[in-house]
Amino acid sequence: MGILIDEKNKIFTLHTKNSTYQMKADEYGFLLHLYYGRRTEGCMDYLLHFADRGFSGNPYDAGADRTYSMDVLPQELPCQGTGDYRSPAVIIKNADGSYGCDFRYRSARILEGKYGIPGFPAVYADKKEAETLEIELEDPVSHVKATLLYGVLPELDIITRSARIHNGGSDKISLEKAQAACLDWVGGDFDIMFFYGRHAMERYVQRTPVSHGAQTIGSRRGTSSHQYNPMMMIADRNATEDFGSCYAMTFVYSGNFKGEVEKDQFNQTRALMGLADELFSYPLQPEEDFYVPETILSYSRAGLAKLSQNLHSCIRAHLCRGKYRDSIRPVLLNSWEASYFDFDSESLCALARQAADLGIEMLVMDDGWFGKRDDDNSGLGDWHVNEEKLGESLSSLIEKINGMGLKFGIWFEPEAVNEDSDLYREHPDWALSIPGRNPVRARNQLLLDFSRPEVVDWIFENLCQVLDQGNIEYIKWDLNRSLSDCYSCGADDQGRVQYDYVRGLYDLLERLVQKYPDILFEGCSGGGGRFDAGMLYYTPQIWCSDNTDAVDRVDIQYGTSFGYPVSTVGSHVSAVPNHQTGRTTPFAARGITAMAGTFGYELDPNKLTDDEKQQMRQQIADYKKYAPLIQNGLYYRLTDPSTQEVGAWEFVSEDASAVLVSALMLKVHGNMTVNYLRLKGLEEGCMYREEKSGKVYAADALMESGIPLPVEFGEYQAYQMYFVKEG
């Protein structure tokens, strides 16, 4: 299929439809990286250059050959202790206190299908869609083994990288750093793209030249974070949306991570993605294994749009799972911005009646339904229904909502606990805290120690008791603080706690999605604080940001689109003035922006005007019509909203027969100029009819010169155009 092994020369080649990845085990057993780029044939070891480099050490095996140095050679798994002074992928502390490992090639084999990782999310594919290459390396002194795992999905231009570290020695060791993937380029003039932000302003794009030194992103917060997304792109300086070579590295993990790009003394570039080494020191007993979560790699020579589409296809069909992976999601109304904590059964039913009349399909009861929970200072951890507040049982409320023709959803924050809760009073040791120190609070709450199986088991049982009370079809899974005070009384080594916490979270989620396969899970962490590929394995959509302002969302969703498909983006129409920014935008602008996501509402319909209610009915009808194209079509960014007057994006069906263009005017000036949108992905030589106007346009002209947006008076005008191929 896509993997070739040259046994004689120990050359390993991974082919996808449009890319080639190649490595070589050399005469000393070092696994060298040769090439990753456009598809090609032959052996690329001619790219290696050997010279006597000052202050670059030589392995003992090389004898008097001073031209051979790991400090210069491109590698698959660079390690601390081999004479390579660049950023390593692996650091091991040995039983004698020394730091170092020296992995050498032992064997390789090809397996049908895509490898999995026990207890962790990973890309999946059947035997006809993927192959796995396993390469085993071993340190001849410590007998620690590293099995490198490469998953190849040829049709998607996707290669995944992971590793299994096995302590084959007789003494305990400590893993101090573990990166899932390393890309070494012997040349090139690159830009690096990071996706940075903060709460309510996530995944803004920063593109800067790769310069001498190390450029690093990551998270120390225990989650992938609002501040940096665990994804980066490396692009030729001249690469654009439509032209040029570019690479993606996306980490399939929801905790602390580190992404590094380093240009060395000889203008070579190394990119690493994997676990953060800060707050990490994982003990491995003899015969124990450690799994490094995987990184998704992709290459495009046709620009950033194609690179994004590669990732979209992989995540949408080979990472997301379950009933809702391919299904159009129900249009929902969330109670949060309508009522916050102030609700009961009667007010929820009033919301539901309005929602049903307007064509909404689901009502979600957000925070405040459990324990002693009338504000955000108490009750977390007490997952039992407050029937006194609701005025009836949960089961009877669900029956009423279902009786109106609506599905019912509910909010949880299972990882958190308030000190003012029955759970904390009974089990204070279940919260992460450092003995003898007062804990760090955030949102006046602590976090449960999910590194301990007994804590995860208790939460699972209590959530099930709630979920078994009625026909619950949606869960919003929230987390509203970062990890700190990472001490567990159940851990033999505190350097393992945050990794084991994430493993406990994944265990809980896996048990829930298996027991309740018909529930749609939506991830959330103060919005986009844990918007990562790892969570998407369990929750096929994630609340993109707590900021629902349409103008800010254009920027947030623009950055998100580089790595994640629209089907995973939770996006809703909210009330104005917006609750996060105070900005007032037209109802149409909010609707069109929210349609670049799973679509729903965060407002009180009872406060809408008759005109707004009619617009809502039309928005829902439009979304249902366009939803298959929005969820499954090829996504194109038509503008950069950070530099242009309009934010615009496009969905094109796989056969290019249908096209949906959306645009929001971000700036308006006196004597306004005309903005032309150049469409993409149309079939050349064909004609396209725009549905509302009935006008017919030539595809080539639409892609070359574009289509003009109207020049209209007023802020934040929004437009949608639907084109159908003629003939």
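These figures come from a predicted structure and were not determined experimentally.
- For the residue pair Glu260/Ser87, the side-chain donor-acceptor check at 3.5 Å is satisfied.
- Around the CZ atom of Arg109, the shell of radius 6.0 Å holds no more than 12 heavy atoms that belong to other residues, nucleotides or ligands.
- Residue Tyr676 places its OH atom among 12 or fewer non-hydrogen atoms of other residues, nucleotides or ligands, all under 6.0 Å distant.
- When all heavy atoms of Phe290 and Leu275 are compared, the closest pair comes out as CZ-CD1, 3.7 Å.
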Next item on the list: Applying salt bridge (charged side-chain N to carboxylate O under 4.0 Å, His left out), run through Asp84 and Arg86 and close with a yes or a no.
Entry: CA-CA 6 Å; Asp84 183 355; Arg86 296 166 291 177; 3.0 Å; yes
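- Taking the six-membered ring for Trp, Phe190 and Trp185 have ring centres closer than 6.0 Å.
- Taking the six-membered ring where the residue is Trp, the centroids of Phe651 and Tyr635 are separated by under 6.0 Å.
- Side-chain N/O atoms of Thr269 and Glu262 include no donor and acceptor closer than 3.5 Å.
- Separation of the Tyr196 and Phe194 ring centroids does not fall under the 6.0 Å cut-off.
- Atom OH of Tyr204 sits in a crowded spot, with more than 12 heavy atoms from other residues, nucleotides or ligands closer than 6.0 Å.
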Margin query: Go through it in stages, so that I can follow the logic: the residues are Arg104 and Asp102, the test is salt bridge (charged side-chain N to carboxylate O under 4.0 Å, His left out), and I'd like the CA-CA distance, side-chain angles, deciding distance and then a yes or no.
Written below: CA-CA 6 Å; Arg104 305 295 180 97; Asp102 185 4; 2.9 Å; yes
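- Around CZ of Arg237, the count of heavy atoms belonging to other residues, nucleotides or ligands within 6.0 Å exceeds 12.
- Of the N and O atoms on the side chains of Thr240 and Asp242, not one donor lies less than 3.5 Å from an acceptor on the other residue.
- You'll find the ring centres of Phe120 and Tyr499 inside the 6.0 Å limit.
- Side-chain contact annotation: Ser298 with Asp157, donor-acceptor N/O pair under 3.5 Å absent.
- The stretch residues 217-235 participates, sequence neighbours left out, in these side-chain hydrogen bond (donor to acceptor under 3.5 Å, both in side chains) pairs: Arg220-Glu278, Arg221-Gln227, Ser224-Asp532, Asn229-Tyr564.
- Using modelled atom types and a 3.5 Å distance limit, the side chains of Tyr115 and Thr160 yield a donor-acceptor pair.
- Closest of all the heavy-atom pairs between Ser567 and Gln541 is O-CB, 4.0 Å.
- Between Tyr21 and His33, a ring centre-to-centre spacing shorter than 6.0 Å is recorded.
- Under the side-chain hydrogen bond (donor to acceptor under 3.5 Å, both in side chains) criterion, Arg637 pairs with Glu241, Ser308, Ser561, not counting sequence neighbours.
- The closest donor-acceptor contact from the side chain of Ser300 to the backbone of Cys246 lies at 3.5 Å or more, if one exists at all.
- Figure legend: Arg553 and Trp649 shown without cation-pi pairing, the cationic atom not lying both under 6.0 angstrom from the six-membered ring centre and within 45 degrees of its axis.
- Side-chain contact, Asp264 with His212: no donor N or O sits under 3.5 Å from an acceptor N or O.
- A cation-pi contact, defined as under 6.0 Å to the ring centre and within 45° of the axis, is absent between Arg321 and Tyr124.
- Atom NZ of Lys306 has more than 12 neighbouring heavy atoms from other residues, nucleotides or ligands inside a 6.0 Å radius.
- Ser174 and Glu176 share a donor-acceptor pair across their side chains, judged by distance under 3.5 Å alone.
- Counting only N and O atoms by type, the side chains of Gln644 and Asp640 include no donor and acceptor under 3.5 Å apart.
- No side-chain donor from either of Gln75 and Asp184 sits under 3.5 Å from a side-chain acceptor of the other.
- Using a 4.0 Å cut-off between charged nitrogen and carboxylate oxygen, Glu131 and Lys114 do not count as a salt-bridge pair.
- To the nearest 0.5 Å, atoms CD (Glu294) and OG1 (Thr250) are separated by 10.5 Å.
- In the model, Ser254 has no side-chain atom that pairs as donor or acceptor with a side-chain atom of Arg530 under 3.5 Å.
- Using a cutoff of 4.0 Å between basic side-chain nitrogens and carboxylate oxygens, Arg106 and Glu136 are not scored as salt-bridged.
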